[in-house]
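Step one of this worksheet: look at the structure below.
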There are 2 protein chains.
Amino acid sequence: MTAAPKRDRLAERREATRAEILNAAWEIARAGGLAAVTLREVAARVGMQPPSLYSHFASKNAIYDGMFGQAWADYLLVCRQSVASVPKPPRKALLYMVQTFVDFALVDPVRFQLMNQRMVIDFEPSAAAYAPSVQVMTLFRDQLARIGVSADGDADLCVAIVGGLVDAQLANEPGGQRWTAQLPRAMDMFADEVGLPAPRLRRRR
Amino acid sequence: MTAAPKRDRLAERREATRAEILNAAWEIARAGGLAAVTLREVAARVGMQPPSLYSHFASKNAIYDGMFGQAWADYLLVCRQSVASVPKPPRKALLYMVQTFVDFALVDPVRFQLMNQRMVIDFEPSAAAYAPSVQVMTLFRDQLARIGVSADGDADLCVAIVGGLVDAQLANEPGGQRWTAQLPRAMDMFADEVGLPAPRLRRRR
DNA sequence: GTCTATACTGTGATAGAC
DNA sequence: GTCTATCACAGTATAGAC
């Protein structure tokens with residue numbers, strides 16, 4: 001009989017503390033914006049002295065980095081769970097995928113800021129934290145290819161359009177839907193461009 | 001004989017000092033990013049002690065605000081100067097206008113950051129600084145209407161597409177043109193959507 | 001390994017003298 | 001208007017207790 005898989009209680013506890021710190025940071029960010037995240041405030045919430053955080057994160061930006069990785073990992077999970085329920089018709093599939101992203105973005109604007117804008121002036125994501133976002137893009141390209149959209153630059157253009165709409169919405173009218181309501185129209189436009197079959201979901205004006 | 005227009009030398013000098021401060025801030029930002037702009041560095045460049053800056057700007061964000069207004073005012077000027085040279089054919093006109101914006105954005109990424117992203121975490125533009133950007137949008141809508149694009153949301157969609165492409169370019173590959181090279185294609189796509197006449201400038205794939 | 005205590009540096013901002 | 005002096009707060013480094 002082989003030895004039972006050894007639980008590394010130390011590593012578990014360490015990981016739990018890291019998660020606790022990140023959760024506190026998310027709370028603060030959601031309540032007062034990313035700028036409100038200070039080491040002192042985070043430390044106070046987890047019951048530590050500020051310098052103690054350095055036992056778990058090398059710097060404040062390392063905390064942002066952890067949040068960045070978490071956010072993209074969460075979205076990767078959402079994507080994978082939604083793969084099964086993507087509709088078959090190409091245009092419906094396209095709209096479903098980008099709508100999933102937009103919903104994810106709008107439900108937590110601060111998270112979207114961290115994921116997609118370079119909101120925190122001196123923060124550059126590490127390779128490790130960047131990995132899940134690359135996986136998301138790969139998955140998206142695969143799904144696009146499955147409905148026949150695989151030309152160079154097609155995915156780039158699609159992502160730029162969706163990102164542009166969400167950015168404009170959050171920057172100019174947070175909470176509204178003046179821009180995001182144009183998502184179906186924009187995706188029909190894109191579908192026409194890349195030559196997707198099937199009728200338009202919405203008539204042209 | 002009427003009195004000569006009274007030159008307010010004091011106001012002139014005051015305005016000159018403000019401009020000097022903003023110029024110093026632009027220099028620093030271009031060299032080291034917006035985060036590098038500190039009151040001490042600005043003061044050093046204009047030969048002042050840091051607190052003296054408060055005689056001219058109420059806060060550091062007020063300096064960002066001044067830069068924001070300057071940037072949009074500059075672009076408004078570029079737009080007005082280019083109005084005369086916009087080509088007649090609708091699709092060419094459209095591409096010319098957005099290309100003007102993209103060129104303006106790419107030539108100074110830091111300026112674009114300040115203008116279009118909420119890069120500085122706690123900065124919200126004042127009404128005064130916001131005014132020229134509103135004028136730019138009004139001018140853009142007018143020019144769109146002149147080529148027959150006037151439906152609600154058309155300008156919004158166009159701006160979102162262009163902004164999305166520039167954002168993606170600067171965020172993922174500053175200095176490259178993987179995304180911005182798709183501008184003609186994207187504008188043809190948009191032109192098809194809004195029913196602009198004339199042949200596509202580029203063939204579909 | 002983990003946390004505390006203390007301290008250093010740099011930041012934006014204020015008060016008051018000249 | 002500009003200066004000097006000073007403040008409160010930030011992120012961070014280090015030493016040492018457990």
Side-chain angles (χ1 to χ4, degrees), chain A residues 6-25 27-29 31-68 114 119-126, chain B residues 8-29 31-68 114 118-126:
Chain A
K6 205 173 173 185
R7 282 181 53 196
D8 188 339
R9 308 188 76 95
L10 212 69
E12 277 176 19
R13 178 171 168 71
R14 187 173 170 74
E15 193 49 45
T17 305
R18 273 182 63 97
E20 206 180 330
I21 291 171
L22 290 181
N23 286 340
E27 276 179 33
I28 299 165
L34 280 170
V37 178
T38 69
L39 296 183
R40 283 164 170 80
E41 181 63 25
V42 173
R45 297 214 182 201
V46 299
M48 279 184 185
Q49 294 302 314
S52 302
L53 296 173
Y54 283 84
S55 300
H56 304 275
F57 291 92
S59 69
K60 181 180 177 178
N61 275 355
I63 295 182
Y64 285 135
D65 198 57
M67 296 167 78
F68 177 91
L114 188 58
M119 199 73 179
V120 184
I121 277 189
D122 271 346
F123 162 65
E124 287 281 335
S126 68
Chain B
D8 188 340
R9 308 189 76 94
L10 212 70
E12 277 176 20
R13 177 171 169 69
R14 190 174 168 75
E15 191 49 45
T17 305
R18 272 182 63 96
E20 208 180 331
I21 291 171
L22 289 181
N23 286 341
W26 279 117
E27 276 179 34
I28 301 165
L34 280 170
V37 178
T38 69
L39 296 183
R40 283 166 172 76
E41 181 64 24
V42 173
R45 298 215 181 199
V46 298
M48 279 184 184
Q49 294 303 315
S52 302
L53 296 174
Y54 284 86
S55 301
H56 303 275
F57 290 92
S59 69
K60 182 182 177 178
N61 275 357
I63 295 182
Y64 285 134
D65 197 58
M67 297 167 78
F68 178 90
L114 189 57
R118 302 240 170 279
M119 198 73 178
V120 185
I121 278 189
D122 270 346
F123 162 66
E124 287 280 336
S126 67

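Reminder, nothing fancy here: chain letters follow the sequence lines and each chain counts from 1.
- Ring geometry, B:Phe68 versus B:Phe123: the interplanar angle exceeds 60°, so the pair is classed perpendicular (tilted spans 30 to 60°).
- Between A:Ser52 and C:dT2, a side-chain N or O to OP1/OP2 separation shorter than 4.0 Å is absent.
- The listed nucleotides are D:dT2, D:dC3, C:dT4; the one nearest the side chain of B:His56 is D:dT2.
- Distance, A:Leu53 CG to D:dA10 P: 13 Å, rounded to whole Å.
- With sequence neighbours excluded, the residues satisfying side-chain contact (heavy atoms from CB on, under 4.5 Å) with A:Ser59 are A:Asn61, A:Ala62.
- Residues meeting the side-chain contact (heavy atoms from CB on, under 4.5 Å) test with B:Ala29, sequence neighbours left out: B:Leu34, B:Val37, B:Met67, B:Val110.
- Heavy-atom distances under 4.0 Å link DNA chain C to no residue of residues 10-26 of chain B.
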**Message:** I need a per-nucleotide contact map over nucleotides 11-18 of chain C, read 5' to 3'. Cutoff is protein heavy atoms under 4.0 Å; write B for the base, S for backbone only, - otherwise.
**Reply:** BBBB----

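- Regarding A:Glu41, its CD atom lies at a distance of 11 Å from the P atom of D:dG11, rounded to whole Å.
- Atom CE of B:Met48 and atom C1' of D:dG1 are 8 Å apart (whole Å).
- Screening residues 10-21 of chain B for side-chain hydrogen bond (donor to acceptor under 3.5 Å, both in side chains), with sequence neighbours left out, gives B:Arg7-B:Glu12.
- For B:Ser126, the side-chain hydrogen bond (donor to acceptor under 3.5 Å, both in side chains) criterion is met by B:Asp65, not counting sequence neighbours.
- Screening residues 34-43 of chain B for side-chain hydrogen bond (donor to acceptor under 3.5 Å, both in side chains), with sequence neighbours left out, gives B:Glu41-B:Arg45.
- A:Leu22 and A:Ile63 get closest at one heavy-atom pair: CD2-O, 3.6 Å.
- Rounding to the nearest 0.5 Å places CG of B:Leu114 at 5.0 Å from CH2 of B:Trp26.
- Counting non-hydrogen atoms under 4.0 angstrom, A:Gln49 reaches the backbone sugars and phosphates but no base.
- Atoms CG (A:Asp122) and C1' (C:dG10) sit 14 Å apart, rounded to a whole Å.
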